[in-house]
Structures are given as structure tokens and as C-alpha cells.
Enquirer: 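Submitted below is the structure of interest, expressed as C-alpha cells.
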Amino acid sequence: MSAARLFHGGLAVDADHAAPRRLDVLVGADGKIERAAPEIKPAAGVEVVDCTGKILLPGLFDMHVHLREPGREDEETIGSGGRAAARGGFTGIVAMPNTDPPIDSGGLVRYVRTLAREQSPVPVWTSGCITKGRAGQQLADIADMQQQGAVMITDDGDPVADAYLFRRALEYARHFDLLVACHCEVPELSRGGAMNEGARSYRLGLPGIPACSEEISIARDLQLARLAGGRIHIQHVSTARGLDIIRRAKADGVRVTCEVSPHHLLLSEDDITDYDTNFKMNPPLRTVEDNAALLEGLLDGSIDVLATDHAPHTEFEKNLDFASAPFGITGLETALPSLFSRLVRTGKLPWDILVRAFSREPRRILGLEVADFREGLPADFILFDPEASTHFSADTMESKSRNTPFLGQTLPGAVVQVVLGAELLLGRKQP
Amino acid sequence: MSTTAPPARRKDLLDIESLTREEIVFLLDTARPFKDLFDRSVKKVPALRGKTVLNLFFEPSTRTRASFEIAAKRLSADVTNLAITQSSVTKGESILDTVDTMQSMKVDYMVVRHAAAGVPAFIARHTPAAVINAGDGNHAHPTQALLDAFTMREAVGELAGRRILLVGDLLHSRVFRSVSTVARKLDMEVGIFAPTTLIPSGRPDYMQAFNTFNEALEWSPDFVYLLRLQRERQAAHFFPSLREYHHVFGLTRERFLECRRRGIRIMHPGPVNRGVELVDEVLTYEHCLINRQVENGIAARMAVLYWLQPAVTPLPDEKEEVAS
């Protein structure tokens, strides 16, 4: 085991401090934080890591990641996805269960967890399906999956269309205090759609997905959650009205949390030009008014969590006409630089809210240990250089897939180190 | 004909939206002398001699394909038709494979029709050949719009201030999108009449929507443009029955007589569903422009082929000949 390390000279932000403050962090050889204070003098035998000009943030956590393994290892593996997470500043991720086969049993949860321990540099938790095979017909073995380590259940990618079955799922999950995460959409209203229905879909001649497809589904799920009393989490909220429905439910005592993706904050349907399929995802990019409403929701706490919905697809799958190409874009590596450059740097999003939504809240919601600079906790933080920049290309990205709207771009800000226990995850070749 | 310099040549024609008014007028002006050729015994000019035009149709079409084929041949180009039915294609990658294969055969122009919006644009990015959109999904059908503008101009002269009423299935219609755009760019007024289920959301607000056919005719349009109704739309609940559709939204005999009284020109992109969009008698009406649209399609497509410039670089020793 390596010696103690002193991260010296940097500024830190966390869930309670919007403005960067001077903070030195001493990490013991056991990987735990020994001390965190504005100025720590390096003792003899301590390795000093110069953090001058860098910002220390608690390790990010993404509760919505598609790792594609098992089944589509050509798109992503638990290993490559884990490395992409580290590169993006994430020290924990939750794998979605819509793999092939879907993660719908305790055995499969155990399998994914085992692969993750062997292959991923960052901890990977997994979710389990609500219904067997994600088919929406029959409950999966929910308690068994939880026992094997599933931290939530979801049929992500599809809603549970049968309202009766979904009610029972919420009630049953409540017995185990397990979070139920919902992909909200009315399939009949979205069928055939490729992008948000509106002025842009009219101009491109593409079949639209109306905003109300999502909103109706959110409203239904929240009414059922009120009835069932369980904990519900609305995934990737993309519309202003959908968010308002959640706000009202929260005020009304429904135990609901929700997430927004960086792309639904930063991009709109107006950005879809030339039928670039790296702008195709579900829910689709909405309007600039929705962008503004979602940011407001993040700032006022109506939105609890930032999550990427990292959805890798191979180039040949995405290199298609817009309507035929699959939904989804990658996000692990672009999330922090894109939010930093467009929102944090411009003063629209304070650091503390970013840390809350992208680190503390998802861990808290899932009952996991929160990352912080407190003495005695395992070291779990990242070094971010606001003066550096990150280029996104096949050569620089760890994900197996390149389907990001930021492909070819260089954005301000760079994750330069990830500190997890006694390990430094970046700056050396993969194990 | 305008004496100003012709607009710079483009590589592709993918939609009407990206064309300027000047480019549209130039294409309409260019189509005129081509049409005059049709009455001569020799209908050919050598403009595209030695060039190869590929008709790449992923969606069945007889009329549009024939129109492009004749247009290309009258410009002395060599034409190859490739009809690829969806069933023989596993989507996507194979489109690029097809394009690569065709590119290896040194095709200069690709005329592309596909059921999905954006495919011609997608192909255009991957080939140096000039790409002409011959209809993609619900997106665009630019040569149809050009031939329609040409036909309208031929019928009444200057189009600015004239009124066009578009009737029928606007939602699933690339013709509607392209024709309304060309009309707008030529300063025409655009009216629409359709069941609410078949009016696309997100349409621009310059279109005036009418609630009844009579109300729309009171607006005194110069042209009534009927759009083709796909019979299978009934199954998707856009309207209850063809009978009711014709009764409320079709050009019935009574409405046709009103059009004739007002001297309104009738247009349709074809093929027509007799007894659905219109009654039979319309087809023999003196101001029915439907056959003229077909004829003018060749001239308009000749103008487009003539104007576009493939990004195929000639060999060095050929350059002089090409430049002359």
C-alpha cells in the first residue's frame, strides 16, 4: 500500500459550499481522510499532490447508466463503462437492467456485481427489473434481487404500461423500502416518433413524440405512488409541465424524487440539424423553454438528481437515417465539462447544487454512503482543472461508443484526477 | 428572363427551405426553355453528355422515377434505375453500402427517394455525387414544389400576392411542406383546409386555416391544391370513413362547380383517388392543371439537374475540357 498523500493547495466545493474555499486533504495509507483543513503542512514521508488552481469535488455519482453487458459488449462493457465513469469524475454508477438478458433475477444481479468488481475501476451498483424480462407481464423476484445487491428497480427504456401491475410493484417494493424508478412514457402516443413533436419536427418532417406522452405517464405514476405509498423516482424529466406535476406531488406528500440529464438542460430540439443522430434520445430534446424550466427546477430543489442516461451505441447503429437510428447518447465523460462550461462557469449553476444533484442526493436516495471531505470517511473526491480543457474524440474517450453530441468538440474544464480510497484512478494506463 | 448573374451552383437539392428566392426564380426561369424543347422533334440537349444519373428509389414510384429518367435523358445523361424495396434491405448500414457501391461506379448524380426523412441528406454527406431529394418521408419533395411553382406561374404569371389553398392530408405530406414553403418564398398567401387530425403541429403561423370548404373558397384562392389521401390512414383513426372524408373534406361536385364559377385552378400531385379527394369531372375541367404538372415536372427536373454541380473532381488533363 502506498504512503499517505496530501492534496495540497487546492480549492474545494461540496454540497454545502457554493464558493470554492481553500482546502487541503490528507489521505492516510488506509485510504481514509485523516484531515481536511484550509492549510495542512506536509509531514515527512507524505506524498504531496500539488492541487494549485484545481478544484476538489466529492466524487460524482450517476444513478442512470447503460453498461450494455451482458449482451451488447460491442457497445460497452462493464469495464469500458467503468473507465469512462472514472474519466468523467464519477466514483459510483448504477447500471440499468435493460441488458440482454435483462437483469431480472438475483443470479443476474450477482453476476453483474461480480463482473464489476473484477473489471471496473469505480464501484458499479446495479438495478433490477420491475417485471420479468422487462416484459411488463409479471413481477420479477424483487426481494431476491435486493438481497443480491440491487439498489433500485426499474424497467427503464419502457414504462410498466399495465397500471394495475405497476401499482402492485410499488406496493411490493415498499415492503422492502426499495426505490422504484420510472421511465415515463405512453407507448401509444410515442409510437413511431423520433424527436419532440413541434416546430422542429415539422421542419424536418420527422414523426414527433408529444411532450404529453411523458407528462401523462408521470401523472399516472405519481397517483399510483400516492395510493401505494412507496418511494418513486422519475427518470430523465424533460418537460416543464412534467416537472410541475412532480412539484405538485411533492408538495402533496408523495415520496417522489426525480432526475434530469445534462443534455435536457443544455440542448434543445433546435440543436437538431442535418439529422445528426447523436441528438436522438428518449425522451427527446425538447424546447429552450423546457431547458430553462428544468434548470429552475434544479436550482429550487424540485429536481433532486443529475443523471446522464449514458446510452452507448456503435457507430454503425447510429450512422443511419434519423428515424431508424436507435435512441440514446453517451454522457459519462461529457457531463461535468459540459455542465461546467455552459452553466457553472456562466454563473447559472452554483457548485453546491451541482454536487448535491450529482453526488450527495443520488447516494442518499439509494441509501449509500455519501462522499464528502469529512475526516474518517474513505477518500472519494476528484480534482477538476477549470483552466484546462477536454477534447472529445475516439482517441480521448474511454467509452466504447462515441455517440455524443459533443463529439469533436473541446470544452473548458477537465477532470484531472480521481481519488478513491488509496487509489488514484487517472493518469496511468488501465490495469 | 432575369439578366442578373445566375446563383452559385449547389451540390445537392435536399429541400426547398434552404433555397433562396433568387435560386427558386432562377430554376423556374431555367425550366422555361427546357419546356420549349418538348415541342421540337429533337427534344434533347447535350448539357449532361457523358454524365451518369442514378435513380435510387427505396420506395416504390413510377411517375416520379419516369419523370427524372426522361429529364436526365433529355439532357443526354446516361440513366440507371435502382429500385430497392424495403424488404430486401436490412435498414441503415446497407444504405451506405449501396451508396458506396454506386460511388465505385462513378455516378455523377443520385436521385434519392426514401420512406424516412433525412435519408437524401444522409447520403449527400457520404457521396461526392450531386444528390436530388425525390421525396423523403414526410420531410420534403423539392422538385415537386418547383414544378408546381412553374405550373402556377405558367397559368397566371407573377405569383406574388396570389393565393393557394392546400387541402387534405397535410400531416403525412412532404408535398404539402415543400409546396407551402415554395409558395411562401414566392410571396404567395397560403391557406389550409384539413381535418384537425391531419394538420401537423409545429407548422409556421403564416398559414391561414379554414374550418369548412366553403369558407376556404370564400377566401378566393387562385389555386386549390388537393393532396393525396392514403387509404390506410382510416385504420389509424385519422377519420372515420372515406365516405365521410369525401363528404366533408373532398372536392365534391357542388364545391367543384363553385371552383369553376370562380375560375379557380385545381392541382394535385397525383395519383388521384377518384371519389375521395375529388370527383371525376374535375379531370376534364379547363383549369385543371394536373396533367400540366406532370409535363412540367420534366422541365423542372431538367433545370435542377442542369444547375447542380457534383463534387467529383475531374482528372487534371480533363480540366480544360470541363471548364469550357
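Residue numbers start from 1 in every chain, and the chains themselves are labelled A, B, ... in the order their sequence lines are given, proteins ahead of strands.
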Enquirer: Tell me whether A:Tyr164 at atom OH has more than 12 heavy atoms from other residues, nucleotides or ligands lying less than 6.0 Å away.
Expert: no

Enquirer: If we ignore hydrogens and angles and just use 3.5 Å, is the side chain of B:Arg203 paired with the main-chain N or O of A:Gly198 as donor and acceptor?
Expert: no

Enquirer: Mind running side chain to side chain contact (heavy atoms under 4.5 Å, CB included) on A:Asn319 and B:Phe122 for me, showing each step along the way?
Expert: CA-CA 9 Å; A:Asn319 207 355; B:Phe122 175 71; 3.1 Å; yes

Enquirer: Tell me whether B:Asp205 at atom CG has more than 12 heavy atoms from other residues, nucleotides or ligands lying less than 6.0 Å away.
Expert: no

Enquirer: Does any backbone or side-chain atom of B:His172 lie under 4.5 Å from a heavy atom of chain A? Answer side chain, backbone, both or neither.
Expert: neither

Enquirer: I want to check something: taking the side chain as every heavy atom from C-beta on, are B:Asp15 and A:Arg203 in contact at a cut-off of under 4.5 Å?
Expert: no

Enquirer: Over all heavy atoms of both residues, which pair between A:Gly205 and B:Ala117 is shortest? Give the atoms and the distance, please.
Expert: O-CB, 3.4 Å

Enquirer: Tell me whether B:Gln208 at atom CD has more than 12 heavy atoms from other residues, nucleotides or ligands lying less than 6.0 Å away.
Expert: yes

Enquirer: Taking the ring centre of each residue, are A:Tyr275 and B:His139 less than 6.0 Å apart?
Expert: yes

Enquirer: Can you see which heavy atom on A:Tyr202 is nearest to which on B:Arg177, and at what distance?
Expert: O-NE, 2.8 Å

Enquirer: Pick whichever of A:Ala199, A:Ser201, A:Ala194, A:Ala325 has the most heavy-atom pairs under 4.5 Å with chain B.
Expert: A:Ala199

Enquirer: Is it true that, when you exclude B:Arg228 itself, more than 12 heavy atoms of the residues, nucleotides or ligands shown sit nearer than 6.0 Å to its CZ?
Expert: yes

Enquirer: Please flag which part of B:Ser180 lies under 4.5 Å from any non-hydrogen atom of chain A: side chain, backbone, both or neither.
Expert: side chain

Enquirer: With the side chain counted from C-beta on, respond yes when B:Asn138 and A:Leu206 share a heavy-atom pair under 4.5 Å apart, and no when they do not.
Expert: no

